Amino acid sequence: MTIFGSAGPWRGGICALTLALAACQDLNVPNLNAPDRERALAQAADLEALIAGTWRTLWGRLHVGSSTYNPMPLVGDEMTATFANDGALELSSEPRPVYNNNSTSSVAGAARFPWEDFNEILSSASEALAALDRGVVLDSSGVDHTARGRAFAKFMQGVGLGYLGMMFDRAYIIDETTDIEGLVDQLPEASPYTAVRDEAISRLEQAIAYMEDPATPDFRLPTTWIEGLALTKADLIRLAHSYIARLLVYTCRCPGEREAVDWNRVLYHVDPTRSISADHAPILASGVLTSNYWFRVQNSGSFQSKADYKLIGPSDNSGNYQTWLNTSVPQRTKFLITTPDRRITGATPTSSGSYFRYVAGETFRVDRGTYHFTFYQWYRRAGSSTTGPGVIMSKAEMDLLRAEALYRLGRLDEAAAEISKTRVANGQLPAVTAAGVPQDTLGYCVPRKNDGTCGDLFDALMYERMIELAGLDAI
């Protein structure tokens with residue numbers, strides 16, 4: 001989905017408001033107490049707080065803030081729901097209605113809030129870098145922490161631009177040299193998403209180059225910057241490479257763009273020596289870092305979301321999924337899945353798997369379409385949304401990006417080996433081969449195509465990505 005908002009992108013900037021009054025005498029007296037950008041960010045503690053806050057804004061947008069049910073899982077048929085709050089019903093309805101971003105629309109926030117927050121990340125990171133360029137030193141108790149502040153600000157500058165490129169058709173490209181206050185009166189021309197993506201990648205590459213420079217000292221991020229994680233310089237470099245791989249692949253809007261990706265470049269960034277070597281998982285704690293998104297996709301109340309059959313249906317071997325697909329949308333309703341994939345169900349269709357649970361009751365509204373109905377719900381976190389590691393980028397994601405790069409480059413046996421890692425270990429399925437998905441002794445195969453035949457290697461790749469990455473991040 002590509003959506004474009006018109007709200008101003010510098011909500012987090014520092015602006016001065018001048019009130020001019022005409023009277024019998026000159027009352028244009030300057031307010032010496034009004035802070036400007038340079039004075040407000042001259043103190044190390046204030047500047048560090050601004051830098052650290054960029055990641056909190058990212059987490060808040062994807063997991064906590066206004067319009068907490070991010071639209072992407074609904075629009076992408078990953079989740080489904082019938083509650084109307086935050087535009088969930090409209091965004092998951094079929095046929096898809098025309099998106100209405102009028103400010104009075106119930107779904108306007110789906111564009112407005114991400115637009116504001118991703119731009120706030122970009123703005124704050126750029127202002128922080130401008131302050132560092134002016135010579136502000138991030139010292140604490142005699143220790144110079146400027147290097148970690150500069151590296152993280154440049155990293156988050158790339159991340160902010162990257163999310164704008166993935167989600168919106170156009171966005172404004174700014175950096176630390178941009179006069180943000182001057183842009184309030186005259187905005188630049190918005191750039192197409194491809195240019196935004198390319199610039200985001202460039203910022204991440206700049207962050208990597210800065211951190212790899214021998215002159216840049218080692219550092220470790222405070223655990224309050226990315227909650228619970230004391231990332232080292234080497235860790236942040238790996239995370240930057242992983243985000244670049246994401247942007248190269250996920251910003252594509254159509255199959256043609258996907259095929260045209262520089263897959264050798266993707267392969268470079270997802271190389272095991274460069275990308276994350278373990279799941280990237282901030283630590284959740286009640287009252288400190290929580291996820292409304294994970295609450296909604298796992299709860300059993302009126303705001304319940306469930307797994308869309310378009311997500312888990314290809315695992316079915318009973319033929320019920322094909323019958324569902326061949327039924328007119330208004331007449332569709334829930335059905336039981338028979339599958340050997342133990343992430344979806346246990347040994348029977350009414351038992352829970354390791355990633356999804358069987359839900360017998362029904363909280364969805366019949367009058368809003370039984371095609372939303374499903375027996376299964378994403379439950380990989382066992383209902384938790386306030387404690388424990390919260391995986392938002394997995395090692396499996398890097399393996400599957402590597403698998404796609406290998407597939408696109410014609411290295412099918414290598415791609416099959418990468419795809420089989422999670423199939424075998426997590427799904428308890430037989431390894432896939434370059435020839436496609438094998439059948440087991442019962443004649444079952446996962447995934448099946450829409451016509452019921454066993455999938456090929458690419459089907460296995462796409463299925464594995466859907467099941468392994470569902471629910472981890474909200475966009």
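None of these values were measured; they are calculated from a predicted model.
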Self-check item: Within 45° cone of W263 ring axis and under 6.0 Å: R411 NZ or CZ
Solution: no
Practice problem: Output yes when R197 and E257 qualify as a salt bridge under the 4.0 Å nitrogen-oxygen rule, no when they do not. | Solution: no
Exercise. Decide, yes or no, whether a salt bridge links D235 with R220 under the criterion of side-chain N to carboxylate O below 4.0 Å.
Key: no
Practice problem: Please list, chain by chain and in numerical order, all residues satisfying salt bridge (Lys or Arg N to Asp or Glu O under 4.0 Å) with R238, sequence neighbours excluded. | Solution: none
Exercise. Say whether, by atom type as modelled, one donor and one acceptor occur between the side chain of E227 and the main chain of V288 under 3.5 angstrom.
Key: no
Quiz prompt | Within-4.5 Å side-chain heavy-atom neighbours: P282 and L289 | solution = yes
Quiz prompt | Aromatic contact, Y163 with F118 (centres under 6.0 Å) | solution = yes
Quiz item: In chain order, what residues pass the disulfide bond (SG atoms under 2.5 Å apart) check against C445, with sequence neighbours excluded?
Solution: C454
Practice problem: Check the pair R61, E120 against salt bridge (charged side-chain N to carboxylate O under 4.0 Å, His left out), reporting the backbone distance first and the verdict last. | Solution: CA-CA 11 Å; R61 166 51 27 226; E120 183 174 333; over 6 Å; no
Quiz item: Can you find a pair of side-chain heavy atoms, one from L47 and one from L132, that are under 4.5 Å apart?
Solution: yes
Self-check item: Backbone N/O of S315 and side chain of T339: donor-acceptor pair under 3.5 Å
Solution: yes
Practice problem: Without swapping roles, check the side chain of R357 against the backbone of A382 for a donor-acceptor pair under 3.5 Å. | Solution: no
Quiz item: Quick check: does any side chain N or O of R423 sit under 3.5 Å from a backbone N or O of E464, one acting as donor and the other as acceptor?
Solution: no
Self-check item: Side-chain donor-acceptor pair present, N101, R112, cut-off under 3.5 Å
Solution: no
Practice problem: Classify the side-chain pair Q157/Q206 by whether it contains a donor and acceptor separated by less than 3.5 Å. | Solution: no
Quiz prompt | Any donor-acceptor N/O pair, R343 side chain to E468 backbone, under 3.5 Å | solution = no
Exercise. Can you sort out the partners of T216 under side-chain contact (heavy atoms from CB on, under 4.5 Å), two or more places apart, ordered by chain and number?
Key: A147, Y210, D213, K233
Exercise. Classify the angle between the aromatic ring planes of Y268 and H241 as parallel (below 30°), tilted (30 to 60°) or perpendicular (above 60°).
Key: perpendicular
Self-check item: T345 (side chain) donor-acceptor with S351 (main chain) under 3.5 angstrom
Solution: no
Practice problem: For the pair S420 (side chain) and A417 (backbone), establish whether a donor and an acceptor sit closer than 3.5 Å, ignoring hydrogens and angles. | Solution: no
Quiz item: Donor-acceptor pair, R402 side chain versus V270 backbone, under 3.5 Å?
Solution: yes
